[in-house]
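The block underneath contains the structure these notes are about, expressed in structure tokens.
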Amino acid sequence: MTEEINKTSHFIREAVAEDLASGRFSSIATRFPPEPNGYLHIGHARAIIIDFSIAEENGGFCNLRFDDTNPTKEDVEYVDAIKEDIRWLGYEWKNEFYASDYFDQLYEYAIELIKKGKAYVDEQTQDEVRKNRGSLTKPGVNSPYRDRPIEENLELFKAMKEGEFADGSVVLRTRIDMESGNMNMRDPVLYRILHNPPHHRTGDKWCIYPMYDFAHGQSDSIERITHSLCSLEYEDHRPLYEWFLEELGIFKTRQIEFARLGLTYTVMSKRRLVKLVKEGLVKGWDDPRMPTLTAYRRRGYTPEAIRAFVEATGVAKKNSTADVGLLEHHIRQDLNKRAERRMAVLDPLKVVITNYPEGQTEILEATNNPEDESAGTRQIPFSREFYIEKSDFSEDPPNKYFRLAPGREVRLRYGYFVTATDFVKDESGEVTEVHCTYDPETKGGYAPDGRKVRGTIHWISAEDAIDAEVRIYDRLFTVPNPMSAEEGKDFTDYLNADSLETVKGCKLEPGLKGARPGDRFQFERLGYFVVDPDTTDGNLIFNRTVTLRDTWARIEKARASEKMEENRRRKQEQKRKQKEAAKKAG
RNA sequence: AGGGGCAUGGUGCAACGGUUAGCACACCGGCCUUUGAAGCCGUUGAUCUUGGUUCGAAUCCAGGUGCCCCUGCCA
């Protein structure tokens with residue numbers, strides 16, 4: 001790991017330490033409990049990291065448990081994807097469990113509650129159940145079936161299990177308190193009937209399925225999970241879980257809740273991510289613009305960077321949204337240390353050195369990674385014609401522009417000093433070719449006379465260049481919080497139309513020829529890039545992971561907005577004058 | 001007759017009754033530079049509000065305000 005992670009204490013770490021100190025628990029066990037109905041996103045990464053690191057730090061273990069209590073929503077497709085993502089993040093679970101492993105046990109628990117007079121079969125319609133639950137400010141009323149004899153409940157529940165009832169016709173509920181201020185305690189449903197589809201693990205063995213609330217706490221208990229770490233919305237459920245554990249007399253897990261973390265310029269809810277995928281607004285779950293882990297992987301993010309980011313955001317009970325810039329900071333930080341440098345020209349402009357011998361090629365040496373001497377050096381060819389970025393030449397350079405311009409001398413990275421002498425334009429006025437002279441004394445980029453140049457630009461020898469496609473990604477949304485849409489608007493109305501730009505005909509140094517999917521590089525002065533799995537023998541494709549910090553771009557942007565502001569003011573002034581003139585005339 | 005949670009610079013966290021309220025990112029300066037990168041140095045900027053307890057309150061208590069969650073046979 002090149003990124004050092006500073007672990008700061010937070011209330012969960014403190015609570016766990018206290019529980020150990022007080023003897024409430026003698027060892028620590030946690031679990032990560034996804035439902036296999038979608039792909040993991042960076043919010044899950046946070047939960048995973050908390051679950052696994054709390055166990056790790058205390059010499060305990062963490063289980064992976066799929067909460068698969070609803071066959072209508074779940075699919076094996078997601079099970080494998082979830083496991084792959086967790087491993088990619090760098091964690092290995094002690095046991096792979098499924099809530100469905102406990103269906104027999106859960107069934108017995110339900111019978112136990114019935115026998116204690118704490119559960120009953122309710123024949124009210126779904127509508128009646130809802131109506132009788134009351135509202136946030138009104139107490140609920142008891143079901144007419146609530147006081148049914150225990151024997152009858154036992155028989156009916158058995159009949160439910162045996163398939164004698166249609167979906168939705170009856171449920172098993174627990175008897176707690178229909179007047180509770182906590183809605184979860186108003187006789188919650190324990191079991192419902194679901195004849196189809198078959199369960200991905202238990203097939204058609206069951207036609208009754210436990211509700212999440214009846215499965216989760218007991219599953220934790222069965223696995224002897226000491227600390228069940230979950231998000232804030234389960235705070236209201238904790239009393240219910242504890243009630244079950246108490247009534248059943250089984251191992252008491254401690255649940256601790258923490259806030260989810262949002263990210264700016266994206267959405268995180270499963271529902272919304274599904275919508276983006278299903279409606280083709282992105283190319284799939286692993287579209288590099290998505291906040292899913294599979295997408296970050298394809299985008300070139302490292303698990304280390306994601307972990308460092310998560311650790312940097314901390315853990316609290318306050319709902320918050322982290323700046324995506326912080327995530328970007330961590331991936332730059334990591335890749336700066338580990339990614340080898342290469343040169344690539346994304347938007348080529350041809351340059352000819354008029355005083356360089358035709359047909360000559362020289363081999364120059366370039367440092368692979370100035371941050372890591374062990375990365376060594378490589379050789380790159382140099383010749384009379386080469387490409388530079390269009391943005392690295394300016395016919396009429398603005399203030400503080402350090403790059404190539406008529407009469408200006410710049411350094412070609414690891415090459416020579418060159419001075420632009422002349423340029424060619426097409427009918428539309430676009431510069432198509434630049435002519436320059438070079439100083440043969442400056443090979444490698446050093447001037448023996450000690451003279452300095454302010455700009456250093458990257459380049460690719462024209463005859464040696466290889467072509468590639470580069471996919472440039474920008475934030476998926478145009479606003480920091482797409483969820484808070486105005487009236488009549490939907491989060492998709494804020495999608496960034498320019499979030500993907502596919503650039504073809506990019507020029508790369510020849511050494512990049514053998515690059516394989518997943519290989520990461522820093523293209524000097526541009527950013528970090530990774531080879532995309534769509535790459536074929538004849539078509540090399542890179543994804544831009546993140547740009548380098550770019551002070552010049554910031555200056556340009558500031559100038560542009562200044563200009564806009566000025567124009568706006570000027571227009572207003574004009575309008576004011578026109579009005580005045582009209583007044584006078586009138 | 002509602003219940004549960006949360007409030008510290010722009011953002012995310014820390015400070016656990018005693019610190020000039022700290023750190024990271026962002027921002028703004030500067031240094032350095034064969035990447036306008038990285039690195040280094042520095043500046044600006046915060047305790048929701050009103051009371052109370054206390055020698056002393058971001059921290060404890062009460063009221064207020066604001067935000068989030070809860071009325072699935074979803075998880």
Side-chain angles (χ1 to χ4, degrees), chain A residues 6 8-11 14 33-35 37 67-70 72-74 99 122 126 129-131 133-140 167-173 179-186 188-194 209 211-213 215-216 231-239 257 259 261 264 270 309 312-330 332-333 336-337 341 343 366-367 370-371 400-403 411-415 417 442 444-446 452-458 480 522-527 547-555:
Chain A
N6 294 311
T8 57
S9 192
H10 52 66
F11 71 100
E14 282 169 13
E35 184 189 16
N37 73 339
D67 272 333
D68 55 352
T69 54
N70 185 354
T72 66
K73 294 200 167 174
E74 295 142 10
D122 196 350
Q126 294 191 42
V129 170
R130 188 178 344 108
K131 226 169 265 167
R133 187 155 27 226
S135 75
L136 294 180
T137 50
K138 267 190 296 235
D167 284 11
S169 56
V170 297
V171 288
L172 182 72
R173 298 178 74 179
E179 300 192 352
S180 173
N182 182 346
M183 301 297 286
N184 296 301
M185 301 300 266
R186 317 243 264 225
V189 172
L190 263 33
Y191 270 89
R192 73 299 208 175
I193 297 172
L194 253 28
Y209 290 92
M211 296 291 289
Y212 173 88
D213 275 352
H216 192 82
S231 47
L232 249 30
E233 66 264 34
Y234 292 104
E235 277 179 315
D236 285 347
H237 298 243
R238 191 176 56 219
E257 308 85 7
L261 183 75
T264 53
K270 208 172 273 182
F309 163 73
T313 57
V315 182
K317 289 179 83 101
K318 182 173 71 169
N319 283 313
S320 53
T321 306
D323 190 336
V324 69
L326 185 60
L327 212 209
E328 291 172 347
H329 162 78
H330 284 285
R332 285 189 187 110
Q333 193 87 156
N336 175 48
K337 294 279 193 295
R341 269 87 260 228
M343 289 198 283
T367 303
E371 302 287 329
K400 291 209 176 140
Y401 184 89
F402 305 148
R403 287 108 102 136
R411 173 191 295 111
L412 297 177
R413 179 84 158 147
Y414 300 121
F417 285 12
T442 56
Y446 296 92
K452 303 262 185 228
V453 288
R454 193 61 209 269
T456 300
I457 63 177
H458 59 277
Q522 183 199 100
F523 289 167
E524 296 220 18
R525 303 209 303 136
L526 298 176
T547 61
L548 253 29
R549 278 182 80 236
D550 189 345
T551 309
W552 175 245
R554 280 214 308 270
I555 292 172

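Keep in mind it's a predicted model, so treat the numbers as computed, not measured. Labels below follow one simple rule: chain letters A, B, ... track the order of the sequence lines, proteins then strands, and each chain is numbered from 1.
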Interatomic distance where [atom1] belongs to [X] and [atom2] belongs to [N] [whole Å]:
{"X": "A/W552", "N": "B/U33", "atom1": "CH2", "atom2": "C1'", "answer": "18 Å"}
{"X": "A/K317", "N": "B/G12", "atom1": "NZ", "atom2": "P", "answer": "18 Å"}
{"X": "A/R554", "N": "B/C25", "atom1": "CZ", "atom2": "P", "answer": "13 Å"}
{"X": "A/R525", "N": "B/A37", "atom1": "CZ", "atom2": "P", "answer": "11 Å"}
{"X": "A/I555", "N": "B/C28", "atom1": "CD1", "atom2": "C1'", "answer": "13 Å"}
{"X": "A/H330", "N": "B/G12", "atom1": "NE2", "atom2": "P", "answer": "15 Å"}
{"X": "A/R238", "N": "B/G4", "atom1": "CZ", "atom2": "C1'", "answer": "9 Å"}
{"X": "A/F309", "N": "B/A26", "atom1": "CZ", "atom2": "P", "answer": "13 Å"}

Legend entry - Any residue meeting salt bridge (charged side-chain N to carboxylate O under 4.0 Å, His left out) with A/E257, in chain and number order, not counting sequence neighbours: A/R238, A/K317
Inset, instruction - Could I get the full list of salt bridge (charged side-chain N to carboxylate O under 4.0 Å, His left out) partners for A/E371, not counting sequence neighbours? - result: none
I'd like a table of atom pairs between the protein and nucleotides 38-47 of chain B - only N or O on both sides, under 3.5 Å - with the distance next to each one.
{"residue": "B/A38", "atom": "OP1", "partner": "A/R549", "partner atom": "NH1", "Å": "3.3"}
{"residue": "B/A38", "atom": "OP2", "partner": "A/R549", "partner atom": "NH1", "Å": "3.0"}
{"residue": "B/A38", "atom": "O2'", "partner": "A/N336", "partner atom": "ND2", "Å": "2.9"}
{"residue": "B/A38", "atom": "O2'", "partner": "A/E371", "partner atom": "OE2", "Å": "2.9"}

Legend entry - Set of residues satisfying side-chain hydrogen bond (donor to acceptor under 3.5 Å, both in side chains) with respect to A/D236, sequence neighbours excluded: none
Inset, instruction - Starting at the 5' end of nucleotides 62-75 of chain B, put B wherever the base has a protein heavy atom under 4.0 Å, S where only the sugar-phosphate does, and a dash everywhere else. - result: ------SBBBSBSB
Legend entry - Under-4.0 Å side-chain N/O to phosphate OP1/OP2 contact, A/H329 with B/C25: yes
Inset, instruction - Would you tell me if any nitrogen or oxygen in the side chain of A/S180 comes within less than 4.0 Å of OP1 or OP2 on B/G3? - result: no
Inset, instruction - For A/P239, report the nucleic acid contact type (base, sugar-phosphate, nothing); a contact means any heavy atom under 4.0 Å. - result: nothing
Inset, instruction - Among the candidates B/G36, B/C13, B/C25, find the nucleotide nearest to the side-chain atoms of A/K318. - result: B/C13
Legend entry - Listed nucleotide nearest any side-chain atom of A/E235, set B/U35, B/G4, B/G12: B/G4
Inset, instruction - Identify all stems in which RNA chain B takes part, counting only runs of at least 3 consecutive pairs (Watson-Crick or G-U wobble, each distance under 3.5 Å), and give each as one range with another, ordered by first number. - result: B:2-7 with B:65-70, B:10-13 with B:22-25, B:28-31 with B:39-42, B:48-52 with B:60-64
Inset, instruction - With RNA chain B as reference, determine whether A/R186 or A/P370 sits nearer its 5' end, using the nearest nucleotide of each. - result: A/R186
Inset, instruction - Output yes when A/E35 and A/K73 qualify as a salt bridge under the 4.0 Å nitrogen-oxygen rule, no when they do not. - result: no
